[in-house]
**Q** 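Before we start, here is the structure in question, set down as structure tokens.
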Amino acid sequence: MLRRGVAAAAVAAGGLGVAGVYKHENDEGFRRAVALYSRALPAVAHYRFVQARHRLQGDGLSEEEKQQEWLALDEKYSDGIVDMVKELKGMYTKYGQIGAGLRNTLSDVWLEKLRELEDSVPPQPLSVVRATIEEDLGKPLEEVFSVFEEQPLGSASIGQVHRAKLRGREREGWVAVKVQYPDSQKLFRQDMLTIRGFMELAAPEQVIILDELERSFEREFDYNCEASNLEMVSHNLRGPEFERDIRVPRPHFSTPRVLVMDYLKGEKLIDGIRAYGKVVAEQEGKSFEAFETEMKERILQEGLPSRYDGPSGAQIALYAGALRLRDGAANVFISAWNTLTGSHVQAWHTPRPPNAPRMMDVLMRVHGKQLLVDGCFNADPHSGNFLWLEDDRIGLIDFGATKILAREERLAACMLYATLYKQDKERLIDMVRVSGYRSKYFDQDVIYQLVRFGFDDFSQDVLKGKNIQTFMDDLYARDPWHESPDNLTMAQFLSIRLRGVGMSMLFPVRCSEYWGPLALQVLEDEGLPYETWDAAQMQEIFGKKLNMAKGSTLESWGASFKRWFTGSSSSD
């Protein structure tokens, strides 16, 4: 770790030196890479150094002293790193959004800063948005929209969304207009090369998933594809089982860089839950931060909560409606009293009580069907992509990173979650073996922990008191992996993202509890009941059409840097 930290600092200094000598003012990719290395690598090196020193000192430092030192580092680096991510946008924003969901790894200092990346990345000016719309649609903005609000509803990694009304269709109400940033695709490719080099140096054990992530996110740059995804997902989720709980916006028209769709009125799901949490905390005479810390400690002590089995969405909507009627009736009398007496009694407004367990249950059921039944799912469901609508449904937005699985891949996901649900370690190891996974020792305990962490659960049952990076470091040191099938990488990404949402809502989940029974039923329907599997069937499902993701070394990092420096991309 010390060697890695020293190398990181040296490369950061070297990057600054090269920038000073060559002054590539016009090379945006070079500037962005220098920004990453010069700001992030010194921070990584500092954290690694402190981590190594704490291990060497052992019991010489108390836990309180260690925590104070970590907190000082968090306060030292969080503002600068997140500001850099906001400036660079692109893939850096996506990785920051992933971090925002890791409540069991990052401190509150980091989490509060990273949550700003979910929809508050600095937007582009209206002139840039106008130019893109007019270039793609071939006509002035005013000919398409009678109203176009300058302030965006939100801005993210590759584009931003504005509210508008279509000319001649004003009575249909508001629409949401998603507009892509100029050169975002070119910068994405440059950024992926830079990120790969950075990860190979700072966290080589995580490089193995980058190829499939790159392929998946590449599809986000065609908004025609996203419009098709919206239609497909809407079709798959038809019926009362889901329509009473969720809503997917309907696309109106699209171009490669402009998408016009239904506007869903609501606030971010996590913001509504946090706002109500603040009300509850105030009623109990404590700050929201203290309330949140208390809840997290309770989760650590008691483990994951039981699966939700409470009131339905319709029952909660009736209750919320009754609260609104009560407030309305009370406000009639308050208004009359103020008029008669000249008083200034405040009107009643009872906050809607969000039901986090029920909302997580909805999200897990929806994404379980998408993954295991439909084979078509949003692979990037961070908390900024879920809205709490006025009718108490959940709005599902942003389907750019939609993954479509082949039948074998979908059945492989079903087999995986059935096995995790059954806690059948022996059969799971057999699956990993036939899939093509390769490591130095093929340590079965390391493999089992990796699969549980990647696809199912990052509670303390798995992490054993470690944060995620330390957990990964230790497993990689015990049995370095160097080759892995990446067909289910996006299913893993889906699982990690959803578990991050659950942690943010203080209702963490174990995916196999929700998806295991469904997986068993799907396999039964497909003629593959759990009890009948044999090696040949697993080979057919797990060993078919596998793309192999190679691990990395410091030498391959040098090769990546050379490709980036000479201007070639992975697609070349």
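Keep in mind that the numbers below use all heavy atoms, side chains included, and drop hydrogens, waters and symmetry copies.
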**Q** Might you work through the side-chain contact (heavy atoms from CB on, under 4.5 Å) test for Val451 and Val432, ending with a clear yes or no?
**A** CA-CA 9 Å; Val451 174; Val432 172; 4.1 Å; yes
**Q** Using atom types as modelled and distance alone, determine if a side-chain donor or acceptor of Thr194 lies under 3.5 Å from a backbone N or O of Gln190.
**A** yes
**Q** Please report the C-alpha distance between Asp430 and Trp533 in whole Å, then the side-chain angles of each, then the deciding distance to 0.1 Å, and finally whether the side-chain contact (heavy atoms from CB on, under 4.5 Å) criterion is met.
**A** CA-CA 11 Å; Asp430 288 341; Trp533 299 355; over 6 Å; no
**Q** Tell me, with the steps shown, if Leu372 and Gln521 meet side-chain contact (heavy atoms from CB on, under 4.5 Å).
**A** CA-CA 10 Å; Leu372 304 175; Gln521 184 60 54; over 6 Å; no
**Q** Determine whether a donor-acceptor pair (N or O, by modelled atom type, separation under 3.5 Å) exists between the side chain of Asp479 and the backbone of Val446.
**A**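 Here the side-chain-to-backbone pair does not exist.
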**Q** Taking the six-membered ring for Trp, are Trp481 and Tyr437 closer than 6.0 Å centroid to centroid?
**A**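 Ring centres of Tyr437 and Trp481 not closer than 6.0 Å.
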**Q** Just to verify, what does Ser287 make a side-chain contact (heavy atoms from CB on, under 4.5 Å) with, not counting sequence neighbours?
**A**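 Ser287: side-chain contact (heavy atoms from CB on, under 4.5 Å) contacts with Glu289, Ala290.
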**Q** So, are Arg196 and Asp191 salt-bridged, with charged N and O less than 4.0 Å apart?
**A**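 Salt bridge absent between Arg196 and Asp191.
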**Q** Start with the C-alpha gap between Thr402 and Glu220, add the side-chain angles, then the distance that decides, and say whether side-chain contact (heavy atoms from CB on, under 4.5 Å) holds.
**A** CA-CA 8 Å; Thr402 299; Glu220 287 194 58; over 6 Å; no
**Q** Do the side chains of Glu75 and Lys113 get close enough for a salt bridge, i.e. N-O under 4.0 angstrom?
**A**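 Judged by the 4.0 Å cut-off on N to carboxylate O distance, Glu75 and Lys113 do not form a salt bridge.
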**Q** Do Tyr77 and His46 make the cut of ring centroids closer than 6.0 angstrom?
**A** yes
**Q** According to side-chain contact (heavy atoms from CB on, under 4.5 Å), who are the partners of Gln449, at least two apart in sequence or on a separate chain?
**A** Asp445, Phe471, Leu475, Arg478
**Q** Within a reach of under 6.0 Å around CD of Gln57, are more than 12 heavy atoms found that belong to other residues, nucleotides or ligands?
**A** yes
**Q** Leu363 versus Phe386: any side-chain heavy-atom pair under 4.5 Å?
**A** yes
**Q** Kindly check if the number of other-residue, nucleotide or ligand heavy atoms within 6.0 Å of OH (Tyr441) is above 12?
**A** no
**Q** Minimum heavy-atom separation for Ala379 and Lys403, please, with both atom names.
**A** CB-CB, 4.4 Å
**Q** Any donor-acceptor pair under 3.5 Å linking the side chain of Arg499 with the backbone of Ser495?
**A**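 Confirmed, Arg499 side chain pairs with Ser495 backbone.
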**Q** Do Asp361 and Tyr514 have side chains that get closer than 4.5 Å, going by heavy atoms?
**A** yes
**Q** For the residue pair Trp515 and His367, is the inter-centroid distance of their aromatic rings smaller than 6.0 Å?
**A** no
**Q** Identify the two heavy atoms, one from Phe399 and one from Asn229, that lie closest to each other, and give their separation to 0.1 Å.
**A** O-ND2, 2.9 Å
**Q** What I'd like to find out is whether the side chain of Phe198 reaches to under 4.5 Å of the side chain of Val44, using heavy atoms alone.
**A** yes
**Q** Using a strict cut-off of less than 4.0 Å between a Lys/Arg side-chain nitrogen and an Asp/Glu carboxylate oxygen, indicate whether Arg274 and Asp271 qualify as a salt bridge.
**A** no
**Q** Is any side-chain N of the basic residue among Arg452 and Asp457 closer than 4.0 Å to the acidic one's carboxylate O?
**A** yes
**Q** Gln67 side chain to Glu64 main-chain N or O, any donor-acceptor pair under 3.5 Å?
**A** no
**Q** Using the ring pair (Phe, Tyr, Trp, His ring centres under 6.0 Å) criterion, which residues pair with Tyr92? Sequence neighbours excluded.
**A**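 Per chain and number, Tyr92 pairs via ring pair (Phe, Tyr, Trp, His ring centres under 6.0 Å) with no residue.
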**Q** List for me each residue that meets side-chain contact (heavy atoms from CB on, under 4.5 Å) alongside Asp456, sequence neighbours excluded, and say none if there are none.
**A** Leu420, Arg510, Cys511, Ser512
**Q** Which pair of non-hydrogen atoms, one from Phe458 and one from Gly500, has the smallest distance, and what is that distance?
**A** CZ-N, 4.0 Å
**Q** side-chain contact (heavy atoms from CB on, under 4.5 Å) with Glu526: which residues, sequence neighbours excluded?
**A** Arg407, Arg410, Leu411, Val522
**Q** Check for a donor-acceptor pair, side chain of Arg358 on one end and backbone N or O of Tyr308 on the other, with a separation under 3.5 Å.
**A**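 Not at all, since once roles are kept as given, no pair shorter than 3.5 Å links the two residues.
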**Q** Please identify each residue that fulfils ring pair (Phe, Tyr, Trp, His ring centres under 6.0 Å) with Tyr421, with sequence neighbours left out.
**A** none
**Q** Report yes or no: do Asp424 and Thr419 form a side-chain donor-acceptor pair below 3.5 Å?
**A**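 Side chains of Asp424 and Thr419: no pair found under 3.5 Å.
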**Q** Within the structure provided, determine whether Leu269 and Met505 are in side-chain contact (heavy-atom separation under 4.5 Å).
**A**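 Yes, side chains in contact.
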**Q** Look at atom NZ of Lys286 and say whether more than 12 heavy atoms of other residues, nucleotides or ligands are closer to it than 6.0 Å.
**A**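 Yes.
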**Q** Is the number of heavy atoms from other residues, nucleotides or ligands within 6.0 Å of CD (Glu284) greater than 12?
**A**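 Yes - once you tally the heavy atoms of other residues, nucleotides and ligands closer than 6.0 Å, there are more than 12.
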**Q** Answer yes if the side chains of Asp74 and Tyr47 hold a donor-acceptor pair under 3.5 Å, and no otherwise.
**A**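 Checked: Asp74/Tyr47 side chains pair up, N/O donor to acceptor below 3.5 Å.
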**Q** Distance check, rounded to the nearest 0.5 Å: Asn378 atom CG versus Asn385 atom CG?
**A**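 Separation between the atoms: 6.0 Å.
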